[in-house]
Amino acid sequence: MKRSDVNNIIRESDAFIRSYGYVMPPFAYWPPDELKQRVGKDCPMIRDNRLGWDITDYGEGRFDELGLFLFTVRNGSAADLSAGRGMLYAEKIMISRRDQISPMHRHNVKAEDIINRGGGRLVLELFASDAEGGVDPEAEVSVLTDGRKRTLPAGGLLKLDPGESVTLMPGDWHAFWGEGGDVLIGEVSTVNDDLTDNIFREPIGRFSSIEEDVPPLHLLVSDYDRWL
Ligand SMILES: [Fe+2]
């Protein structure tokens, strides 16, 4: 993706998120220089736990069709998770645009609630895991939606209106997209590690490669290793 496109998506997404009354934390708006300075001083957690902007086209260069906007608001640590106490949780705010697909994947560690916070309908395609952890093309899949147990056929489509959510457990295969409009999505989960805990059905990347045509408005988490 071009950096100029990333900058535009940041501006558009910020306006969309604010239109639903959700405001991101102060570090969202620090320019790259300030973020670098603060990470070296009192905010190493932003870099170490990979908080911040995350815009991905899954490395395929077709953001409108295959992509996702994310902002990691908070994220605990694997050490706390192993210890079974402390900051075991994470929160993201995301946008799935209309008909923009987040491809089929599952997590080994993370359980996540995916919440429709407003906009269009959120559609999730769901499969259970087979014995090897792959997509089971036949088995029914059971999930909780706001405490209600739902059982769908393999590849069934779960549609969430604003206010509704689904709990996805490790091993639950899922792809999702917006229907009828762009969707503001909340994610509440266990600790998140996007470097290791996304298993995609098709061989695909998790992050975009960036063509630097203009300076970054804000850094993406995928910029941190190089810039901070
Ligand atoms: Fe997921």
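Note that ligands are numbered from 1 as they come in the structure, with each ligand's atoms numbered from 1 the same way. Computed from a predicted model, the values in this text were never measured in an experiment.
Ion pair D182/R98 not flagged as a salt bridge, since none of the NZ, NE, NH1 or NH2 atoms sits closer than 4.0 Å to an Asp/Glu carboxylate oxygen. Between R226 and E212 a salt bridge is recorded (basic side-chain N to carboxylate O distance below 4.0 Å). With respect to K110 and D197, no salt bridge is recorded, no charged nitrogen being found less than 4.0 Å from a carboxylate O.
For the residue pair D213 / S4, a side-chain donor-acceptor distance below 3.5 Å is found, with atom types taken as modelled. In the model, N192 has no side-chain atom that pairs as donor or acceptor with a side-chain atom of S189 under 3.5 Å.
For the Fe ion (ligand 1), the count of nearby protein N/O/S atoms, taking only those under 2.8 Å, is 4.
Taking the six-membered ring for Trp and the full ring otherwise, F27 and F71 have centroids separated by under 6.0 Å.
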